[in-house]
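Here's the structure we're looking at; comments come further down.
These numbers were taken from a predicted model, which means no experiment stands behind them.
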Amino acid sequence: MFPISPERPSDAAQIENLLDLTFGSGRTAKTVYRLREGVAPIKALSFSVRQGSRLLGSIRYWPISIGEGAAPAVMLGPVAVHPDFQGQGIGRALIRHSLYAATRQGHKLCMLVGDKAYYEPFGFIAAAERGLEMPGWVELERFQIMELVPGALDGVSGMIGKPKVPRSRKTAA
């Protein structure tokens with residue numbers, strides 16, 4: 001097995017190249033990329049797999065909010081594995097490792113857009129069936145959610161959006 005390490009700032013260009021190789025340069029036209037625009041990935045949930053200086057796999061998470069109540073959640077993705085190394089368990093290992101890290105860090109909900117058959121064994125379920133919506137077009141069978149904490153979805157519904165930035169308090173003069 002290949003070791004999983006925290007993503008390094010110097011990995012950024014290699015990750016972009018890996019994502020283009022894995023998903024194509026048109027990947028940025030997808031709805032999930034609108035949720036990522038102007039938002040930094042969560043550093044503590046960004047991991048990579050390397051063999052020497054070669055990047056074999058990468059996973060990132062992004063902060064999001066859900067519905068009118070702005071329930072905080074994380075969005076998994078993208079997870080990418082170099083085509084020469086696909087099918088060796090690198091992607092599944094990155095997902096397991098990062099979901100465990102997300103849970104330990106106190107995150108309660110994880111959303112993604114991805115292949116149902118691939119993500120269902122991790123515990124992801126249809127998000128639209130739970131009253132969640134995406135702000136743009138998405139194949140509903142690929143739109144999924146997972147409770148990292150049992151009951152975290154109770155009372156949560158509505159539109160997925162960028163994280164809500166807390167308003168700064170003004171002190172009275």
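Between Val113 and Gln144 the shortest side-chain heavy-atom distance does not fall below 4.5 Å. Residues Asp20 and Arg27 have side chains in contact (heavy-atom distance under 4.5 Å, counting atoms from C-beta outward). Side chains of Ser5 and Val49 form no contact here, defined as non-hydrogen atoms less than 4.5 Å apart.
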For a quick test of your reading: what N or O donor-acceptor pairs under 3.5 Å do the side chains of residues 123-143 make, sequence neighbours left out?
none

Listing, residues 75-96 side-chain donor-acceptor contacts under 3.5 Å, not counting sequence neighbours, or none:
{"from": "His82", "atom 1": "ND1", "to": "Asp84", "atom 2": "N", "distance (Å)": "3.0"}
{"from": "His82", "atom 1": "NE2", "to": "Arg54", "atom 2": "NH2", "distance (Å)": "3.4"}
{"from": "Asp84", "atom 1": "OD2", "to": "Arg54", "atom 2": "NH2", "distance (Å)": "3.1"}
{"from": "Gln86", "atom 1": "NE2", "to": "Val81", "atom 2": "O", "distance (Å)": "2.8"}

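For residues 58-77, the set of pairs meeting the side chain to side chain donor-acceptor pair (under 3.5 Å) definition, not counting sequence neighbours, comprises Glu7-Arg60, Tyr61-Ser98. Applying the salt bridge (Lys or Arg N to Asp or Glu O under 4.0 Å) test to residues at least two apart or on different chains, the pairs with a partner in residues 29-53 are Asp11-Arg50, Arg34-Glu37. Applying the side chain to side chain donor-acceptor pair (under 3.5 Å) test to pairs two or more places apart or on separate chains, those with a residue in residues 100-113 are Tyr100-Arg104.
Phe47 and Val74 end up in the same hydrophobic cluster when Ile, Leu, Val, Met, Phe, Trp and Tyr side chains are linked at under 4.5 Å. Hydrophobic cluster membership is shared by Ile59 and Leu99, with clusters built from Ile, Leu, Val, Met, Phe, Trp and Tyr side chains linked at under 4.5 angstrom. Leu56 and Tyr118 fall within the same hydrophobic cluster, defined by Ile, Leu, Val, Met, Phe, Trp and Tyr side-chain heavy atoms under 4.5 Å apart, directly or through other members. The hydrophobic cluster containing Leu19 does not contain Ile4, counting ILVMFWY residues as joined when their side-chain heavy atoms lie under 4.5 angstrom apart, directly or transitively.
Interatomic distance, Leu112 CG to Ile64 CD1, rounded to the nearest 0.5 Å: 9.5 Å.
Each of Thr31, Leu35, Ile145 was compared with Ile160 under the side chain to side chain contact (heavy atoms under 4.5 Å, CB included) criterion, and only Leu35 meets it.
Partners of Asp115 under the side chain to side chain donor-acceptor pair (under 3.5 Å) rule, at least two apart in sequence or in another chain, do not exist in this structure.
Pro63 and Pro163 make their closest contact through O-CD, 3.2 Å (heavy atoms, listed as atom of the first residue, atom of the second, distance). Counting all heavy atoms, side chain and backbone alike, Leu55 lies closest to Ser48 at CD1-CB, 3.6 Å.
Crowding of Lys162 atom NZ: a count of heavy atoms from other residues, nucleotides or ligands under 6.0 Å exceeding 12.
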